[in-house]
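Report on the structure given below.
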Amino acid sequence: MRLILLGPPGSGKGTQAAKLAQTFCVPQISTGDLLREERAGATALGKQAAACMDRGELVPDDLVLQILQVRVSKPDCDKGFLLDGFPRTVPQAEALSAILEALGVQLEAVVDIEVPDGEIESRITGRRSCPVCAAIYHVVTQPPKTDGTCDRCGGALTQRSDDSAETVRNRLRVYHEQTQPLIEFYRATGCLHEIDGVGDPAAIAASIREALGA
Ligand code: AMP
């Protein structure tokens, strides 16, 4: 199974991607996570990406495509993968089509999780994540059992530097301008599934599985 998960920042994409990757036994590839790894490793690419990420802007297509191409060529992607946060621009989607064609494989589904901007802003500033195992929480809707501590591994939860209210508004503007046009791009391919992303995460996961016939 090769699929893409689209949706604005804070739509629950990461949470749903983790569930779906388990359902289909494929790796979850988040370009945001890959870029954060590059930053943490202080690589040349990570340093170039850092300023754009902190402003809530997109990292240039050529940098993101470099890390994506390396990642999808790894052996664990032979039987499929789930892309989370990629593509984010029409040129990235076009480049992905070319990469898949060169690998001789096809995209089977694109899932778009839809959430209104107002809901996103209130959700995202409460988001916390574990820097050790990447588990995601929310201070109100999905709190850890012990305040500030990861249930899974005991790591100290942190807020991402780009989850501040001002950066979130910028990320939403960027999403509408640059990423939303992908919905039309993939609608034309006939493999787009549009899912209402407001409500209980388990119910949303069930709607996605139903849409995909899983
Ligand atoms: P995310 O974790 O998916 O919200 O991504 C965090 C940040 O990484 C974004 O705000 C962008 O600055 C950058 N980023 C992640 N994926 C991409 C992509 N496909 N294209 C450009 N920038 C990206």
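Hydrogens, waters and symmetry mates are skipped; everything else that's a heavy atom, side chains included, is used. As the structure lists them, so they are numbered: ligands from 1, and atoms in each ligand from 1.
- Annotation: side-chain hydrogen bond (donor to acceptor under 3.5 Å, both in side chains) contacts of Asp78 (sequence neighbours excluded): none.
- Nearest heavy-atom pair, Ile195 versus Ala211, reported as atom, atom and distance to 0.1 Å: CD1-CB, 4.0 Å.
- Residues meeting the salt bridge (Lys or Arg N to Asp or Glu O under 4.0 Å) test with Glu94, sequence neighbours left out: none.
- Under the side-chain hydrogen bond (donor to acceptor under 3.5 Å, both in side chains) criterion, the residue pairs touching residues 99-121 are Asp117-His176, Glu119-Arg123, Glu121-Arg169, with sequence neighbours excluded.
- Sorted by chain and number, the residues within 4.0 Å of ligand 1 by heavy atom are Thr31, Gly32, Leu35, Arg36, Met53, Glu57, Leu58, Val59, Val64, Gly85, Phe86, Arg88, Gln92, Arg160, Asp162, Arg171.
- With salt bridges taken as basic N to acidic carboxylate O contacts below 4.0 Å, one links Arg187 and Glu194.
- Asp163 has a carboxylate O that lies under 4.0 Å from a charged side-chain N of Arg171, or vice versa, which qualifies the two as a salt bridge.
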